[in-house]
Amino acid sequence: MAYTPEKPKLTESSDELRSRIPGWGVDLDPRDRPSVPKEKFDPNLSGAHWTFPERQPERWPRERSVEHRFLTPVFGTSCPPKGISGVIRRHAYRRYSEGRAAHWLLLLAADRVDVAENRVQALLRGRPDNPITESGVLSEFKRHGVASRFGRKRADLSHQPIDVIINVAPWLVVGYVGYRAVRLVTTRRR
Amino acid sequence: MKAMVYRGPYRIRVEEKEQPSIEHPNDAIVRVTRAAICGSDLHLYHGMMPDTRVGMTFGHEFIGVVDEVGPSVRNLKPGDRVMVPFNIYCGSCFYCARGLYANCHNVNPNATAVGGIYGYSHTCGGYDGGQAEYVRVPFADVGPSLIPDWLDDEDAVMFTDALATGYFGAQLGEIAEGDVVVVFGAGPVGLFAAKSAWLMGAGRVIVIDHLDYRLAKAAEFAHAETYNFTEYGDIVVHLKKITEFLGADVAIDAVGAEADGSFVQQVTATKLKLQGGSPVALNWAIDSVRKGGTVSVLGAYGPMFSAVKFGDALNKGLTLRMNQCHVKRQWPRLFEHVRNGYLKPSDIVTHRVPLEHIAEGYHMFSAKLDGCIKPIIVPDGA
């Protein structure tokens, strides 16, 4: 115990564990563990046949962290920034380093704007978002969703009441601000 | 091609998307045969990771068959059956030359603090992932490996992240013979970490979670002693009591950004996104490990700050070790362990979901319906 020099005795000895647990102790020697030492200089290990890779063509002004000297030779091209969210994202990358909370908070804000932009766009293109199929809520009926609410400590149960508030509150705020704006314009006209 | 597409928090759908093409001479295009949903995909799904853009395809755990290779690819050819580590890395930068593949400096223009990861937001480079029929694999000569003939597809897909990361977490713990190891989280990574702790000579392995079915799996699969933290007023005190008031020698946080156990943390981190993650499990790890012990962090946290109890870590003289796993570095040793029968990675797979129904797969995994521990995604043509 903690108040005397020796470590507490384990209930099972190493030999007992070896006989009970398949493979017990096969990596007991740290030298058998693949990430030990954590850094091992060996530039020829990986299969790279370049010292600096050929550069991927930049098809649009690719946003990058100000902590990089230049655009990395390879990068993803999944979703180029566009719309208002794109403006916010470009600003976050251009103006703030990764050490600044503003950088990440702006990117998170841009994510929310991006969602709103895409909801509207999908509606205008005739393929609106479907809250039933896209939320996967149908699995509630196929995967014992109802039964899981009783006596099984389902993971998301304790948070569901707050989810409603967090999901609905922004819409109410936006609706209220919109309503006030319309009221302001109409009363001024009178 | 068909691909999973992010539409906003808690919303995804399958869309027809342009098939990926060779964008760099060392790229390969891989036809995905199996992918998985990872616990850290849920951070994206819940809108917690900054710069997760609508239209992106997730999925950093996948295997497949090479469909096309770029002109400078030497080690792979079309038709090869490959497993792809979740790290995207060049193999030649300062970090890769030292085996720190997860920290590659040449693949992620969006950030220097994190490397490139398939389908893991633009913060991790803006690459589409493998929850699709096809995926672009950069640095094909460096990342992927041929799947050995004796290795089953479902075992192979576990090698691409969950198994390698769990094993890596046990290594970070610097376990010595007879050490008491406590693992927070009985998800796939926690299960593999617990199992790996025995391989490294642990004397006692304790797993903490709040879902009984996952704890049952930890007891059966990882031979662990298990406790459900909801049954104890203070799990840290309980852990102190069962370790004769010393604490564990090694604590492993295999939970990360969406830890349960504190309502305030849940609201500020998971719901309001004001922290880089809810560090409940990490704080429990810091509190329950003995003075001078080691805390290994496998759980993914976002780049924002989190309310971590650093003062306690300082005063207790802890060693804190963490990183994304350098996946491919683990493979040769893990191949041996699977061949010797010490590990059977696919034993944790509980569900197989067609790509077409991936939205339901995400909901099921997120809400932990139907005893879900690890869902595998099967594309239509696979």
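So that the names make sense, note that chain A is the first sequence line, chain B the second, and so on, each numbered from 1. Quantities reported herein were computed from a predicted structural model and do not represent experimental measurements.
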Is the shortest side-chain N to carboxylate O distance from Glu360(B) to Arg143(A) below 4.0 Å? no
Check: Trp50(A) and Val142(B) side chains under 4.5 Å, non-hydrogen atoms: yes
Flag the pair Asp42(A) and Arg98(B) as a salt bridge only when some basic side-chain nitrogen lies within less than 4.0 angstrom of an acidic carboxylate oxygen. no
Under 4.5 Å between any side-chain heavy atoms of Met49(B) and Leu108(A), yes or no? no
Let me know if Ala202(B) has heavy atoms under 4.5 Å from chain A in its side chain, its backbone, both or neither. backbone
Please output the residues of residues 107-117 of chain B in contact with chain A, using a heavy-atom cutoff of under 4.5 Å, in numerical order. Val107(B), Asn108(B), Pro109(B), Asn110(B), Ala111(B), Thr112(B), Ala113(B)
Okay, Thr243(B) and chain A: the region with an atom under 4.5 Å from a heavy atom over there is backbone
Does the distance from a Lys or Arg side-chain N to an Asp or Glu carboxylate O, for Asp27(A) and Arg333(B), drop under 4.0 Å? yes
Please name all residues satisfying ring pair (Phe, Tyr, Trp, His ring centres under 6.0 Å) with His24(B), sequence neighbours left out, ordered by chain then number. Phe139(B)
Does one side chain, of Tyr93(A) or Asp51(B), offer a donor that lies under 3.5 Å from an acceptor on the other? yes
Donor-acceptor contact below 3.5 Å, side chain Arg7(B) vs main chain Val115(A): no
Where is the tightest heavy-atom contact between Ala101(A) and Phe305(B), given as atom of each residue plus distance? CB-CE2, 3.7 Å
Can you tell me which portion of Leu199(B) sits under 4.5 Å from chain A's heavy atoms? Options are side chain, backbone, both or neither. both
Closest heavy-atom pair, Tyr167(B) versus Arg33(A), reported as atoms and distance to 0.1 Å, is OH-CA, 4.5 Å
The single option from Glu54(A), His49(A), Gln56(A) that satisfies side chain to side chain contact (heavy atoms under 4.5 Å, CB included) with Asn26(B) is His49(A)
Going by the rule ring pair (Phe, Tyr, Trp, His ring centres under 6.0 Å), which residues pair with His105(B) if we only count those two or more places apart in sequence or in a different chain? His68(A), Tyr95(B)
With sequence neighbours excluded, tell me which residues meet side chain to side chain donor-acceptor pair (under 3.5 Å) with Ser46(A). none
Please tell me if the side chains of Tyr342(B) and Trp24(A) come closer than 4.5 Å, counting only heavy atoms from C-beta onward. no
Residues Glu16(A) and Arg204(B) bridged, charged N to O under 4.0 Å: no
Residue pair Ser14(A) / Glu177(B), side-chain donor-acceptor N/O under 3.5 Å: yes
Taking all heavy atoms of Pro50(B) and all of Leu107(A), pick out the closest pair and write down the distance. CB-CB, 4.0 Å
Tell me the closest heavy-atom pair linking Arg89(A) and Thr52(B), and the distance in Å. NH2-O, 4.1 Å
Where do His122(B) and Ser78(A) come nearest, in terms of heavy atoms and distance? CE1-CB, 3.9 Å
Here the pair of heavy atoms bringing Arg62(A) nearest to Gly125(B) is NH2-O, 2.9 Å
